[in-house]
Trainee: 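Below is one structure. I have some questions about it.
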Amino acid sequence: MSGPEDSRAEALRRLPAVYSLVLRLRDAGLPEHVIAERVGVEPETVGPMLVVAEAKLAAVRGEDAPG
């Protein structure tokens with residue numbers, strides 16, 4: 001039986017790696033400056049990356065983008 005978390009995990013696997021990673025790091029509770037370090041971008045880039053990542057995740061899941 002698959003639930004919403006299984007569906008999310010599958011959708012995350014289907015995203016481009018960097019978007020999957022920023023979402024996973026955010027979900028793990030890491031602050032944006034640490035996420036920036038891990039993916040090699042400036043800290044001010046993380047917020048917009050998360051917005052794009054959420055939109056891509058919603059598209060993969062066949063949902064409307066958040067916001």
Side-chain angles (χ1 to χ4, degrees):
M1 194 188 283
S2 69
E5 287 305 311
D6 292 334
S7 173
R8 180 176 170 83
E10 175 58 31
L12 283 168
R13 284 191 286 277
R14 294 175 54 200
L15 290 180
V18 70
Y19 294 114
S20 178
L21 181 58
V22 296
L23 289 173
R24 290 172 194 268
L25 293 173
R26 193 242 358 242
D27 291 350
L30 295 175
E32 288 189 5
H33 73 276
V34 174
I35 295 171
E37 251 179 55
R38 294 288 302 269
V39 298
V41 299
E42 294 297 321
E44 58 271 7
T45 306
V46 174
M49 283 182 75
L50 286 167
V51 171
V52 171
E54 286 288 355
K56 288 183 175 293
L57 182 65
V60 165
R61 295 179 80 180
E63 302 169 349
D64 290 331

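Throughout, numbering of the chain's residues begins at 1 and tracks the sequence. Below, each value reflects all heavy atoms present in this structure, side chains not excepted, and no hydrogens, waters or symmetry copies.
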Trainee: Transitively linked via ILVMFWY side-chain contacts under 4.5 Å: Val52 with Leu15?
Mentor: yes
Trainee: Would you list the atom pairs, donor with acceptor, under 3.5 Å between side chains in residues 17-36 and any protein atom, with sequence neighbours excluded?
Mentor:
from: Ser20; atom 1: OG; to: Leu12; atom 2: O; distance (Å): 3.1
from: Ser20; atom 1: OG; to: Arg24; atom 2: NE; distance (Å): 2.8
from: Arg26; atom 1: NH1; to: Glu54; atom 2: OE2; distance (Å): 3.2
from: Arg26; atom 1: NH2; to: Glu54; atom 2: OE2; distance (Å): 2.5
from: Asp27; atom 1: OD1; to: Arg8; atom 2: NH2; distance (Å): 3.3
from: Asp27; atom 1: OD2; to: Arg8; atom 2: NE; distance (Å): 3.4
from: Asp27; atom 1: OD2; to: Arg8; atom 2: NH2; distance (Å): 2.6

Trainee: Just to verify, what does Glu44 make a side chain to side chain contact (heavy atoms under 4.5 Å, CB included) with, not counting sequence neighbours?
Mentor: Glu42
Trainee: For the atom pair NZ (Lys56) and CE (Met49), what is the distance rounded to the nearest 0.5 Å?
Mentor: 10.5 Å
